[in-house]
Amino acid sequence: MKKFLVVSAFVSAFVLASTSAMAATTAAPAQPVQGGFTGPATTVQPVQGGFTGPSAVPAITTVNQAKEANDDAVVELTGYITTSLGDEDYMFKDSTGEIKVEIDHKDWNGVNATPTTKLVIRGEVDKDWSERTIDVNKVALAG
């Protein structure tokens, strides 16, 4: 009986050790720890990077040029949002004219604007059958 108990205890210890070792090798890899402050008035700003400099494709820089541009032409306009048309549509004005722009909520990049706030908007011309609008990808304060 003593041999049975000793062998039984040995087998139990071996099985327990093997199971623990197997669990350790099959566990999910540790996740990186992220830090930062969380509390009142905390906002998370997305981190974006990219190239800043001259482009091989020149951007259209006036509303008047945008009104005559091809679909998907790149624009960088400086001017003012004069009116909200509802949802994500606005009227944008520079010294050459006025055009409708669509700005998704995420593309405001934290900028708050009034009709007197000078802005730079970047995006593409969206040419439909009857009109051209600007699909804005980024809004920034004019420097």
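Starting from 1, each residue takes its place in the sequence as its number. Given the structure is predicted, the values throughout are model-derived calculations rather than measurements.
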| remark: Sequence neighbours excluded, the answer for side chain to side chain contact (heavy atoms under 4.5 Å, CB included) partners of L85 is T83, D89, M91, K100

| said: My understanding is that only residues two or more places apart in sequence, or in another chain, count here; which of them pass side chain to side chain contact (heavy atoms under 4.5 Å, CB included) with Y90? | reply: I81, S84, V101, I103, W108

Without placing hydrogens or testing angles, list every side-chain donor-acceptor pair under 3.5 Å for residues 127-136, not counting sequence neighbours.
residue: R132; atom: NE; partner: A69; partner atom: O; Å: 2.6
residue: R132; atom: NH1; partner: K67; partner atom: O; Å: 3.1
residue: R132; atom: NH2; partner: A69; partner atom: O; Å: 3.3

| task | Show your working on side chain to side chain contact (heavy atoms under 4.5 Å, CB included) between D126 and D71 and close with a plain yes or no. | result | CA-CA 5 Å; D126 189 9; D71 193 34; 3.8 Å; yes

| said: As an exercise, state the distance from CD of Q65 to CD1 of I99, rounded to the nearest 0.5 Å. | reply: 11.5 Å

| request: Kindly determine whether V111 and L141 satisfy side chain to side chain contact (heavy atoms under 4.5 Å, CB included), including the steps that lead there. | output: CA-CA 7 Å; V111 173; L141 294 173; 3.8 Å; yes

| Shortest non-hydrogen contact from A66 to I60? | N-CG2, 3.6 Å

| field | S95: partners by side chain to side chain contact (heavy atoms under 4.5 Å, CB included), with sequence neighbours left out | value | none

| request: Search all heavy atoms of T82 against all heavy atoms of K93 and return the closest pair with its distance. | output: CG2-CB, 3.7 Å

| field | Heavy-atom side-chain contact between K138 and D107 under 4.5 Å | value | no

| message | Using side chain to side chain donor-acceptor pair (under 3.5 Å), reason through N64 and T62 one step at a time and then give a plain yes or no. | response | CA-CA 5 Å; N64 199 35; T62 69; 5.7 Å; no

| said: Suppose we screen for side chain to side chain contact (heavy atoms under 4.5 Å, CB included). Which residues come up paired with N137, at least two apart in sequence or across chains? | reply: E124

Would you be so kind as to tabulate the donor-acceptor pairs closer than 3.5 Å made by side chains of residues 116-123, with sequence neighbours excluded?
residue: T116; atom: OG1; partner: T114; partner atom: OG1; Å: 3.0
residue: T117; atom: OG1; partner: T114; partner atom: N; Å: 3.0
residue: T117; atom: OG1; partner: T114; partner atom: OG1; Å: 3.2
residue: R122; atom: NE; partner: E76; partner atom: OE1; Å: 2.8

